[in-house]
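Working notes for the structure below.
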Amino acid sequence: MKLGMPVLYEFDSVKENMELAKKLGLDFVEWNLNFSYCRDALEQKGYIKQLVDEYKLDITLHFYDEADFGIYPEVAGAYLKLLKRYLALGKGYIKNLNIHLIEGPIVTISGVKNYIYEKEFPIYIKRLLDFLKKVDNLCNKYNCNLVIENSKTLPYMTKTYAELEKYGFKFTYDIGHDKCNNEILFNYQKDKNMNFAEFHFHDADGTKDHLSLGKGTINLKYFKELAIKNDAYVLLEVKSSSDLAESIKVFHTL
């Protein structure tokens, strides 16, 4: 198991984040393509190697939050093109590529949300599988693991997970997101042996997530044991350096 941190909004460079991770005794930093300073760092020839050599830390990569590989091919293809660019720039240094499993377009009727992907599931799942296989092939080419994260999980998405499992995909378990989505993934996976290669740890109380560890109601010890069992990357996905320092202490006492 490896313990790490995300890049933080309070900083303006990946170097500052790497410095903090090293100071706190962490194993990796998740670079996030939503932050321009992460994209800029990848664009600088040789810079990722320089930082890895200097700080002796692993790097994982969080793809754009809104990237949906189940959407119609023209849009998914554009995301695939961007992904290829950044994986090539980080070749040999990015350990995991994290993408969200997206719930898709919504039609609200009489105040009730209806999900296009649920209504058109056979079409949606074929598109999703086709593109995720392409993403996985890219990851293999550039020596990193694809991990698929639960963002907003809906009941119909258990069928999605069942299909993804058939093809051997690896997953990120975001325990805070799951707590705020009625623990749908927890109830789905508890009697299975899903391949969770990464965990996102932040506490939650059912309405708020990304809380410092110990500030919510999640059974953190259960998930730490699951992460150890899977020899996973564990990202302490809190939003400030003070919450991070506090969460590291709590994590080590679990």
Side-chain angles (χ1 to χ4, degrees), residues 6 9 30 32-35 62-80 82-83 97-135 146-167 169-192 194-196 198-211 215-219 223 235 237-239:
Y9 185 80
E30 180 195 69
N32 190 326
L33 289 180
N34 293 293
F35 286 73
H62 189 295
F63 200 47
Y64 297 103
D65 283 342
E66 71 279 6
D68 182 359
F69 287 101
I71 197 67
Y72 48 89
E74 292 86 350
V75 174
Y79 280 122
L80 192 67
L82 281 169
L83 177 59
L97 169 75
N98 190 85
I99 66 169
H100 284 175
L101 188 60
I102 303 294
E103 71 271 19
I106 299 167
V107 176
T108 303
I109 303 173
S110 301
V112 177
K113 291 183 177 180
N114 298 270
Y115 294 87
I116 299 282
Y117 288 169
E118 181 177 20
K119 181 178 177 63
E120 301 178 355
F121 190 82
I123 299 170
Y124 149 72
I125 197 64
K126 182 181 185 305
R127 286 196 308 252
L128 181 67
L129 289 170
D130 286 348
F131 272 98
L132 287 183
K133 289 174 186 177
K134 293 176 182 177
V135 173
L146 168 64
V147 289
I148 303 168
E149 177 188 351
N150 56 304
S151 179
K152 181 178 180 181
T153 306
L154 300 160
Y156 85 83
M157 295 172 78
T158 57
K159 293 195 300 180
T160 306
Y161 274 106
E163 291 297 320
L164 294 175
E165 280 190 276
K166 287 181 187 177
Y167 290 90
F169 286 106
K170 298 175 183 177
F171 302 98
T172 294
Y173 197 151
D174 189 303
I175 67 174
H177 290 169
D178 194 40
K179 184 68 173 180
C180 291
N181 284 273
N182 300 310
E183 298 181 310
I184 290 172
L185 182 56
F186 174 78
N187 290 316
Y188 174 80
Q189 65 79 40
K190 62 184 179 181
D191 297 321
K192 299 178 180 293
M194 291 179 69
N195 190 349
F196 291 117
E198 186 168 318
F199 286 76
H200 289 183
F201 263 62
H202 48 107
D203 220 331
D205 60 11
T207 57
K208 295 180 181 178
D209 57 9
H210 295 285
L211 303 175
K215 302 296 185 182
T217 59
I218 293 177
N219 182 352
F223 288 105
L235 182 75
E237 201 178 23
V238 293
K239 300 302 184 180

Using atom types as modelled and distance alone, determine if a side-chain donor or acceptor of [X] lies under 3.5 Å from a backbone N or O of [Y].
X: Asn114; Y: Val107; result: yes
X: Asn32; Y: Glu30; result: no
X: Asn181; Y: Lys152; result: no
X: Asp68; Y: Gly70; result: yes
X: His202; Y: His210; result: yes
X: Asp178; Y: Phe186; result: yes

| query | Under the ring pair (Phe, Tyr, Trp, His ring centres under 6.0 Å) criterion, do Phe223 and Tyr173 qualify, and how do the steps go? | reply | CA-CA 9 Å; Phe223 288 105; Tyr173 197 151; 5.2 Å; yes

| field | Heavy-atom side-chain proximity of Asn98 to Val147 below 4.5 angstrom | value | yes

| said: Measuring only between side-chain heavy atoms, which start at C-beta, is His177 closer than 4.5 Å to His200? | reply: no

Closest non-hydrogen atom pair between [X] and [Y], with its separation:
X: Pro6; Y: Val238; result: CG-O, 3.7 Å
X: Ala204; Y: Cys180; result: CB-SG, 4.0 Å
X: Asp203; Y: Ile218; result: OD1-N, 3.2 Å
X: Leu211; Y: Asp205; result: CD1-N, 4.3 Å
X: Phe69; Y: Leu80; result: CE2-N, 3.9 Å
X: Leu132; Y: Leu146; result: O-CD2, 4.0 Å

| task | Give every residue pair that meets the salt bridge (charged side-chain N to carboxylate O under 4.0 Å, His left out) criterion with at least one member in residues 98-120, sequence neighbours excluded. | result | none

| note | Residue pairs meeting salt bridge (charged side-chain N to carboxylate O under 4.0 Å, His left out), one or both in residues 121-135, sequence neighbours left out, come to Lys126-Asp130

By ring-ring contact (aromatic ring centres under 6.0 Å, His included) - contacts of [X] (at least two apart):
X: Tyr156; value: none
X: Phe171; value: Tyr161
X: Tyr115; value: none
X: His100; value: His62

To the closest 0.5 Å, what do you measure between [atom1] ([X]) and [atom2] ([Y])?
X: Thr217; Y: Asn219; atom1: OG1; atom2: CG; value: 10.0 Å
X: Thr207; Y: Lys179; atom1: OG1; atom2: NZ; value: 10.5 Å
X: Leu154; Y: Tyr117; atom1: CG; atom2: OH; value: 12.0 Å
X: Leu235; Y: Phe201; atom1: CG; atom2: CZ; value: 10.5 Å
X: Leu83; Y: Leu97; atom1: CG; atom2: CG; value: 5.5 Å
X: Glu198; Y: Thr172; atom1: CD; atom2: OG1; value: 4.0 Å

| note | Result for side-chain contact (heavy atoms from CB on, under 4.5 Å) between Leu128 and one of Leu101, Ile71, Ile123 points to Leu101

| field | Stepwise side-chain contact (heavy atoms from CB on, under 4.5 Å) check, Met157 with Tyr188 | value | CA-CA 10 Å; Met157 295 172 78; Tyr188 174 80; over 6 Å; no

| field | Stepwise side-chain contact (heavy atoms from CB on, under 4.5 Å) test for Glu237 and Asp174 | value | CA-CA 9 Å; Glu237 201 178 23; Asp174 189 303; 3.0 Å; yes

| query | Tyr79 vs Tyr64 aromatic rings, parallel, tilted or perpendicular, using cut-offs 30° and 60°? | reply | tilted

